[in-house]
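Contents: one structure, followed by commentary.
No hydrogens, no waters, no symmetry mates; every other heavy atom, side chains included, goes into these values. Reminder, nothing fancy here: chain letters follow the sequence lines and each chain counts from 1.
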Protein chains: 2
Amino acid sequence: MTAETKINLSEQARERLLVAARVVFSENGFQNATVREICRRAEVNIAAINYYFNSKEALFAATLNFEPLLALCKKVNQGSICAQERLLDFIHDFLMQLLDEKEFSVQCQLMARELAEPTPVLGKIVQEAIAPIHQFVANLVCEIVGKKISEAELRRCVFSIFGQCMYYRHGQPVIQRLHPKLRYDHREIEAIAKHIGEFSLAGLKQVAQNKCQ
Amino acid sequence: MTAETKINLSEQARERLLVAARVVFSENGFQNATVREICRRAEVNIAAINYYFNSKEALFAATLNFEPLLALCKKVNQGSICAQERLLDFIHDFLMQLLDEKEFSVQCQLMARELAEPTPVLGKIVQEAIAPIHQFVANLVCEIVGKKISEAELRRCVFSIFGQCMYYRHGQPVIQRLHPKLRYDHREIEAIAKHIGEFSLAGLKQVAQNKCQ
DNA sequence: TTTACTTTAAAACAAACGTTTGATACACTT
DNA sequence: AAGTGTATCAAACGTTTGTTTTAAAGTAAA
């Protein structure tokens, strides 16, 4: 048995823990997720979490992966299309990551929970993921409405865009009860993205007009 | 000592519990709020909760009061102004109830928490409060864009409006870290209301145009 | 095989939670 | 004065939580 194989074997429990933790955390949030359920799903002993990661919180921090979200900004920026189109693309891709249950959106769902239910890791999440994509959208908005907009108004525009997107996730428990038949399949997500995109572009145009007067 | 005085005295503990519970629940959410802190604030014994209300959950249900929110719809409807103005008024008053810390917004904050963190009482809240005001806004939107809009698109418009408003509350832990200086005083709330109002009216106009084509 | 080290296992830990108990004090009726 | 029902209290209950302990099993080098 080679050294690599040994590592792979000994790392199996650690890897299984990470996979299981991502699922359980994203389904129940940090606080409601129990180490016992995570270990049960990962098929490891209860003590494994504190053996591989010192604490439940450190395990949670280890499950975080900001790359998909940050990659989204870079991907959108690479296209040489106009700012409006880039905003539409961003909203579409962001919603896909946020709402699609089949993809690796677990990451995004996990971070979305942090918004409403802060944990000690929230500071890191804001600094490394949320702040950059807020800045990214702020730059897009600046391009679209021109730079004559105030800092406060710019912030409100960014909040309007994210607010519309996040509501579908934050409000899910309510939405599910209001519209029990509503499912977030690909067609529905595309329709939502189209709506929010057009809605927001019209809103931004109005804001730009206001400031020109 | 009259019978009425006796009742007032014996009801004091119950009333203090309700007041304290509203504060603690709205600050920490249902789950994070502890019966011990509620009792400490109310200056009653720990057994009082189960004495007056059978359980923590029943106490929570007793703290709910949908009237301020429903009254808001009626008040806005009484003005005989056009639908656009009524929507602006609603957004303004809704944000005031949602964000103002000094008023009796505790109720609204408490219910807002339910959105992201469902408890067994959520069903009641949705049925008696959230569904009616969603329907109220849906009616306003219908008036503004005309009835030619599809049910799904109408739903998305309502979500866009509420999403923008709720983001300021749901996202508060994040917003606080992104913009530490931002405070929700009356001037800021009015500015937010003005922004969301104009942003949304422009969005709705765009939606109406789309459906006309 | 012995030795040293890593990984797993069951059990127990301390703390916090909502809830219940049983006793006590009080006001009012008979 | 005795009896009755209400309100309050400290204390403890039974769970559940994340974490730790202690020992056993497994693995690789000597």
Side-chain angles (χ1 to χ4, degrees), chain A residues 1-25 27-64 110 113 117-122, chain B residues 1-25 27-63 110 113 117-121:
Chain A
M1 185 177 282
T2 68
E4 195 180 336
T5 317
K6 170 193 168 187
I7 290 177
N8 283 349
L9 274 180
S10 72
E11 293 282 285
Q12 269 187 4
R14 190 189 153 94
E15 275 310 310
R16 282 207 310 274
L17 264 178
L18 279 174
V19 172
R22 266 187 269 265
V23 175
V24 178
F25 278 137
E27 280 178 355
N28 307 95
F30 174 75
Q31 194 149 213
N32 281 23
T34 67
V35 294
R36 281 172 173 82
E37 191 189 345
I38 294 174
C39 290
R40 193 181 51 75
R41 285 224 208 183
E43 293 181 320
V44 301
N45 187 268
I46 270 277
I49 285 184
N50 286 276
Y51 179 76
Y52 286 106
F53 312 87
N54 304 318
S55 69
K56 177 191 180 186
E57 191 181 313
L59 169 63
F60 181 63
T63 61
L64 296 177
L110 205 146
R113 280 197 166 266
E117 178 193 357
T119 75
V121 206
L122 178 55
Chain B
M1 184 179 283
T2 66
E4 195 180 337
T5 316
K6 171 192 167 187
I7 290 177
N8 284 347
L9 274 181
S10 71
E11 293 283 287
Q12 269 186 3
R14 189 188 152 96
E15 274 311 308
R16 283 207 309 273
L17 264 178
L18 279 174
V19 173
R22 265 187 270 266
V23 176
V24 178
F25 279 137
E27 281 178 354
N28 307 95
F30 174 75
Q31 192 147 217
N32 281 21
T34 68
V35 295
R36 282 172 174 83
E37 191 189 346
I38 295 174
C39 290
R40 193 181 51 76
R41 285 223 207 183
E43 293 180 321
V44 301
N45 187 267
I46 226 227
I49 286 184
N50 284 277
Y51 180 76
Y52 286 105
F53 312 86
N54 303 321
S55 69
K56 177 191 180 185
E57 191 181 311
L59 169 63
F60 181 63
T63 62
L110 204 147
R113 279 198 166 266
E117 180 194 355
T119 75
V121 205

query: Would you say B:Thr119 and B:Gln31 make side-chain contact, with heavy atoms under 4.5 Å?
result: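 The answer is no; the side chains never approach within 4.5 Å.
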task: Calculate the interatomic distance between B:Asn50 atom CG and D:dA10 atom C1'; express it in whole Å.
output: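 One finds 16 Å between C1' of D:dA10 and CG of B:Asn50, rounded.
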Minimum-distance nucleotide (side-chain atoms of [X] versus [options]):
X	options	result
A:Lys56	D:dT8, C:dT21, D:dT19	D:dT19
B:Thr34	C:dC17, C:dT20, D:dT19	C:dC17
B:Ser55	D:dA7, C:dT19, D:dT19	C:dT19
A:Ile46	D:dT8, C:dA11, D:dA11	C:dA11
B:Arg36	C:dT8, C:dT19, D:dC9	C:dT19
B:Tyr51	C:dA9, D:dA7, C:dT8	D:dA7

query: Which distance, rounded to the nearest 0.5 Å, do you find between the CG of A:Asn54 and the CG of A:Leu59?
result: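 A:Asn54 CG to A:Leu59 CG: 11.0 Å, rounded to 0.5 Å.
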field: A:Lys56 NZ/CZ over A:Phe25 ring centroid, <6.0 Å and within 45° of normal
entry: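 No; the conditions do not both hold, so A:Lys56 does not lie above the ring face of A:Phe25.
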task: Kindly say if A:Asn45 contacts the phosphate of C:dT7, meaning a side-chain N or O under 4.0 Å from OP1 or OP2.
output: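 Answer no for this pair, as no side-chain N or O of A:Asn45 is under 4.0 Å from OP1 or OP2.
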- prompt: For the residue pair B:Ser55 and B:Ala58, what are the closest heavy atoms and their distance?
  reply: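 In terms of heavy atoms, the two residues are closest at OG-N, 3.0 Å.
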